[in-house]
Undergrad: 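Starting off with a structure, shown below.
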Amino acid sequence: MMADVDASPGGTQLTLTPEEHRRLRKRYRRRTTLTAYAFLSPNLAAFAVFLLIPVVWLFVSTFRTGGVLGPAQFVGLDNWRDTFSNPLVQTSIRNTVVYSAMAIPAVFVIAMVLALALHAIPRGGAPTRVALYVPTLQPAVVAAFIFTFVLHPDFGVINYAIRGLGGDPVNFLGDTSLALPTIAGIEVWRGTGFWTMLFLASLTALPSELYHAAELDGAGAIRRFRRLTLPLLRPTFYFAVIFATIVNLQLFDSVFALTDGGPVNSTISVSLYIYRSLFAFGDIGFGAALSFLLVVTVLVLTGLQTFLLRDRR
Amino acid sequence: MPTRRDTRHGTSGHFWRLLAVFFVFALIAAACGDDDDPSDAAEPAPTTAGDSSSDADDEPGETAEPEPTTAGDSSDDAADEPVEAAEPEPEPMPALSGTIGFIKGPHSAMEVEFEEQIIADFNSQVAPDVTVEFSTYDWPVHVAELTTLFASGSPPDVQYLVDLIYPSFAEQGVLHDMTDLVNDPSWADERANISPFAWDLAEQQGGTWGVPVLGAVYNIFINETLLEEAGLLDSWDDSYESMLAAAEALTTDDVYGFAARTSAADFAWWDWYPYIHNAGGDVLSDDWTECGLVGQDVVDAMQFLIDIHTAGVTPAIGSLDNQGLFDLFAAGRIAILHHETPNIVSLNTDPPDFDWTVAAAPPGPQGHTVMGNFGILSIAEASDNKEAAWEFIKHWASAPQVGRFAEQVSLQVVRTDIIDDLFAENPAMRTVQSELVPRVQGLQPHPQILEALQAAWPVVEDAFRGNLTGEEAIAGMCGAIDGVLAG
């Protein structure tokens, strides 16, 4: 069916039947969708090749044993049974969660305080910002080396000070109750610069007129922080919490460099145990099951945080 | 018209449905598509010149092709041709050529230079047309590095592997079974020069996985000056009790009487093993099917180790790593230190201001052993130049080469023919080689021995902190070891 064309002097007017309109709308949508997918395809290809297929392959590996150096063998749910019955898995999960619960709030509070302080400095804050950011640039191995000299029971700076004050030296990394908090402290030291800069950037971008208005209305600093800053930083916190959770649940490098999971497994993390299972013991299926558990845990926690932090307005 | 929210939910729904389909396919793939066909596993390894005997057995009809070339492979041919071949002429060895890779963990900061000497000699004396590319792995992560190399399908042709890790690689089929090579009659004299206990460590799982070349003995360093001043030099190692008493007597505000490694990261079990072996125990039972830490003597040995670590005579448990402990000894602040022989080089190069020597742990109720672990030179199953690899291993393991290297890095040799010629100017190493090596009782080269030790060691660490008795510690270790064996 052809569309009617009204060639009046006022201009061309196209009149479509409802069926034509639906067809053209459908065609337009299809074209738009295809264009969108064409632009997205490089990213989707990378996503499939480097994430989706490996994760599916990882899931396949959880039902097998071997497969890297020798032939794979189907073992059903054996790896999953081992994963949930192995006490060291439980220890590594507990350590990782406890570490995250210590490190994430601590680094956020410290970074926010520092960001507010830097935000209040009218000029000359650049050297301070650089100094704050330098620890973030340190690789974990370098940080571990630095803290060997800071924490060493015999010649470490902190214990030197403690002895100077008449106290007994503290075995920071050799004491089962202190090792994990110490590693959390080191990671907080490394991460503070990054989060401070992130919070500072967000603070700088907040609309100043709102603060001027609040100030004119008589709101004090704490009230302005509670009623303006925190709600306006909600998107930043949303990103920060999810990103920090993902990063901290994968704790590996500092534990590997500082304690290798000891003493008495008090610092073994899920990622370190995965590494050992896969590379030290060649237990591919078990390592895959543990890895998949970590992937699912990160996904679930991210989903939970997304739900809890969503904008309810 | 759908809203953005509806569209998002629709997309999300599609995503999850797609993911569900993926996982269903994944499950099907895991169950059906695995490449573990038993017939595949049963197939012989790819044919190489070195695998000749089994090939001949498998293919009796194809005998026209002569075996590739070692003098000792001639017996079958001789039987086929009794008239002409009473004394068969050995076929000339084809000229070796190509490139082989060789990887080893460093035993010295000058490892590369030392290896270049060996390779230069190989090229000048054995195979001028073979290029040997040497590389090193890092000891702390060497299992991961080697696993990755083997998984790549093109590992170095020759690897130096220690007895703690090679059994796992042998079990997974990435090492070449060298039984035929090491039993080559033309190499029989050289084979006989290597101690039988070293061959025992290299021959497992029905195969021979390398040529034993070096050993690292775990000795005790003693500060003779301190012990002599305390009048304990001749009696400290009479028994465990006398060692503990000496450690207590020697401990002051500045000096620890005794120290040993305590963390798994430092492979602390090397210092623990002699006491367990001296008590008649071992990590695995004789048939390697369960925990071997049984008997009252083993419990007593464990209790002694707990007692000495909780007696206030050692640095705080976990406070110092391997190097930290040795540095403290070199500074004169540890009187009796469990450690390892490569540090003899440090003490000779930079002598401390006290007299020192090496010793073994005191005797126990069922023996007087020394712990040592040993390294073998293996050929990768994936190597496509096994002949050159084998020639290089024979060269590396020969008396002049291995002897020079052992002296350069202060390690022990397993060849019995050169002991008297080594370490002429190094009395500590002579003591180790002549008095400690003969007492060595090594580890049980089970494929999961490293995993068993790593699983059980946290129990020992906990015990050394005074949280467990000897009996509880042994029970905990056995639980961990049996768990690994069952898994």
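Numbered from 1 within each chain, the chains take letters A, B, ... in sequence-line order. Side chains are part of it too, since the values below use all heavy atoms of this structure and drop only hydrogens, waters and symmetry mates.
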Undergrad: For chain B, which of A:F172, A:F286, A:Y275 has the most heavy-atom pairs under 4.5 Å?
TA: A:Y275
Undergrad: So for B:F169, is it side chain, backbone, both, or neither that comes closer than 4.5 Å to the heavy atoms of chain A?
TA: side chain
Undergrad: I'd like to verify something: which residue of B:V459, B:V141, B:D321, B:T262 has the highest number of heavy-atom pairs under 4.5 Å with chain A?
TA: B:V141
Undergrad: Check whether B:L146 gets within reach of chain A through its side chain, its backbone, both or neither, counting any heavy atom under 4.5 Å.
TA: neither
Undergrad: Of the backbone (N, CA, C, O) and the side chain (C-beta and beyond), which part of B:I317 lies under 4.5 Å from a heavy atom of chain A, both, or neither?
TA: backbone
Undergrad: Between A:R276 and chain B, with a heavy-atom cut-off of 4.5 Å, which part of the residue counts as in contact: side chain, backbone, both or neither?
TA: side chain
Undergrad: Measure across B:Q454 and A:F281 and return the closest heavy-atom pair with its distance rounded to 0.1 Å.
TA: OE1-CZ, 3.4 Å
Undergrad: Would you indicate whether A:F145, at its atom CZ, is surrounded by more than 12 heavy atoms from other residues, nucleotides or ligands within a distance under 6.0 Å?
TA: no
Undergrad: Given a strict heavy-atom distance threshold of 4.5 Å, which part of B:T147 is in contact with chain A: side chain, backbone, both, or neither?
TA: both
Undergrad: With only heavy atoms counted, which part of B:V484 is less than 4.5 Å from chain A, the side chain, the backbone, both or neither?
TA: neither
Undergrad: When you look at CZ of A:F155, are more than 12 heavy atoms from neighbouring residues, nucleotides or ligands closer to it than 6.0 Å?
TA: yes
Undergrad: Quick one: of A:D78, A:V68, A:T148, A:N171, who has the most non-hydrogen atom pairs under 4.5 Å with chain B?
TA: A:N171
Undergrad: Looking at chain A, which one of B:H142, B:E171, B:R333 has the largest number of heavy-atom pairs inside 4.5 Å, strictly under?
TA: B:R333
Undergrad: What's the shortest heavy-atom distance between A:V264 and B:E461, and which atoms?
TA: N-OE1, 3.4 Å
Undergrad: Would you confirm whether A:N265, through its side chain, and B:P458, through its main-chain N or O, come within 3.5 Å as a donor-acceptor pair?
TA: no
Undergrad: Go through B:G173, B:G324, B:S319 and name the one with the most non-hydrogen pairs under 4.5 angstrom from chain A.
TA: B:S319
Undergrad: Would A:F279 and B:T148 count as a side-chain contact (heavy atoms from CB on, under 4.5 Å) if you check the C-alpha gap in whole Å, the side-chain angles of each, and the deciding distance to 0.1 Å?
TA: CA-CA 8 Å; A:F279 292 105; B:T148 310; 4.0 Å; yes
Undergrad: For residues A:P263 and B:R465, report the shortest heavy-atom separation together with the two atoms involved.
TA: CB-NH2, 3.1 Å
Undergrad: Just give me the residue among B:E451, B:Q448, B:E145, B:Q172 that pairs up with chain A most often, heavy atom to heavy atom, under 4.5 Å.
TA: B:E451
